[in-house]
Participant: 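Mind having a look at this structure? Questions to follow.
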Amino acid sequence: VSTSHLQLAAFALGTIGWILCTISMGLVEWRVWHVDNTTVISSGVAWVGIWKVCFISYLHVSSGYKEQFCHKFSGYDSSIPREIYVAQGLLLIAMVTGLLGLTATIFALRNIYMGISRKTLITHFFVVGGFLYIFAGLCVLVPVSWNFYSVVHNQSIAFPPSYYMPSSPVAQEAGAAIPVGIIAVILLLLSGTFSLSYRFPVTTNTVTK
């Protein structure tokens, strides 16, 4: 048990990283657009996520009230940039592989704390968990980096007319989902490194099948 403190930390970091990965996937604030036409987008701000685009509008509601309108992205919208669809797929993969990594780590830690001293039932699962954490972290890193690049270069999106969105913003900035994703990447990569660093202790009473 005394040799697995770092791997216990890896499980804790991996859990937090996996939760943050899931949160970033659900957030709509990936790219924050500032627009000058407030006829429909009343607040002048729209949020572009990886699943939908949302904005606040006072149109069609009583004076003094506001309503959030959202348009979900369709797989048939060829105008939606590739980084959005890539983000959808990679974050789903990261969520699944991160969960599998947590399962492998739990199984290895369970064997340690239950006194099961078979080397293969501990080291192999730590290795599998470590690689899964790192793979999940890289899957999050790609969409986060790609979308941040699009924000920095103020890239436009040719939204369909039904979205009531301009093709180009006056300015845009990174939304909350990007820093959340960056933290998730760091935690997942750290947890993977910690899991892979486990070394099985060699003692005279150890069975190393």
Side-chain angles (χ1 to χ4, degrees), residues 1-30 49-52 72-73 75 82-148 174-209:
V1 173
S2 61
T3 64
S4 62
H5 295 321
L6 200 59
Q7 285 65 45
L8 188 60
F11 171 71
L13 294 176
T15 301
I16 299 172
W18 180 80
I19 292 173
L20 292 178
C21 167
T22 306
I23 291 174
S24 68
M25 183 172 62
L27 288 174
V28 72
E29 298 90 354
W30 277 75
I50 61 171
W51 303 103
K52 58 186 177 180
K72 292 183 179 179
F73 296 137
R82 286 178 297 174
E83 64 263 28
I84 289 179
Y85 290 123
V86 168
Q88 291 177 359
L90 288 180
L91 286 175
L92 285 172
I93 293 172
M95 188 175 66
V96 173
T97 54
L99 186 60
L100 292 175
L102 290 174
T103 303
T105 306
I106 289 173
F107 190 80
L109 289 172
R110 167 190 171 274
N111 291 336
I112 290 175
Y113 283 90
M114 290 186 65
I116 299 174
S117 58
R118 289 184 61 182
K119 182 178 180 179
T120 54
L121 290 179
I122 298 174
T123 56
H124 288 185
F125 279 96
F126 275 137
V127 169
V128 170
F131 279 117
L132 287 172
Y133 286 140
I134 292 174
F135 182 73
L138 294 176
C139 285
V140 179
L141 178 61
V142 171
V144 166
S145 302
W146 198 346
N147 278 272
F148 184 70
I178 289 182
V180 169
I182 291 173
I183 297 173
V185 170
I186 294 171
L187 294 180
L188 287 169
L189 293 180
L190 280 176
S191 61
T193 303
F194 290 167
S195 293
L196 292 175
S197 67
Y198 181 77
R199 294 295 179 269
F200 192 80
V202 179
T203 62
T204 55
N205 296 324
T206 300
V207 178
T208 57
K209 293 181 180 181

Participant: Working to the nearest 0.5 Å, report the span between OG of Ser195 and CG of Leu8.
Facilitator: 10.5 Å
Participant: Any donor and acceptor pair, going by atom type alone, linking the side chain of Trp18 with main-chain N or O of Met95 inside 3.5 Å?
Facilitator: yes
Participant: Would you be so kind as to tabulate the donor-acceptor pairs closer than 3.5 Å made by side chains of residues 174-192, with sequence neighbours excluded?
Facilitator:
{"from": "Ser191", "atom 1": "OG", "to": "Leu187", "atom 2": "O", "distance (Å)": "3.1"}
{"from": "Ser191", "atom 1": "OG", "to": "Leu188", "atom 2": "O", "distance (Å)": "2.8"}

Participant: Could you go through residues 129-142 and list every donor-acceptor pair under 3.5 Å that involves a side-chain atom there, pairing it with any protein atom two or more places apart or in another chain?
Facilitator:
{"from": "Tyr133", "atom 1": "OH", "to": "Gly101", "atom 2": "O", "distance (Å)": "3.4"}
{"from": "Tyr133", "atom 1": "OH", "to": "Thr105", "atom 2": "OG1", "distance (Å)": "3.0"}

Participant: Checking side chain to side chain contact (heavy atoms under 4.5 Å, CB included) against Met25, which of Leu92, Leu90, Leu20 comes through?
Facilitator: Leu92
Participant: Hey, could you give me the OG1/CD1 distance between Thr15 and Ile106, rounded to the nearest 0.5 Å?
Facilitator: 6.5 Å
Participant: Any side-chain heavy-atom pair from Thr103 and Phe125 closer than 4.5 angstrom?
Facilitator: no
Participant: Looking at every heavy atom in both Ala10 and Phe194, which two are closest together, and how far apart are they?
Facilitator: CB-CB, 3.5 Å
Participant: Please collect all side chain to side chain donor-acceptor pair (under 3.5 Å) contacts where either partner lies in residues 175-184, sequence neighbours excluded, each pair once.
Facilitator: none
Participant: Quick one: CZ on Phe11 to CG on Leu109, what's the gap to the nearest 0.5 Å?
Facilitator: 7.5 Å
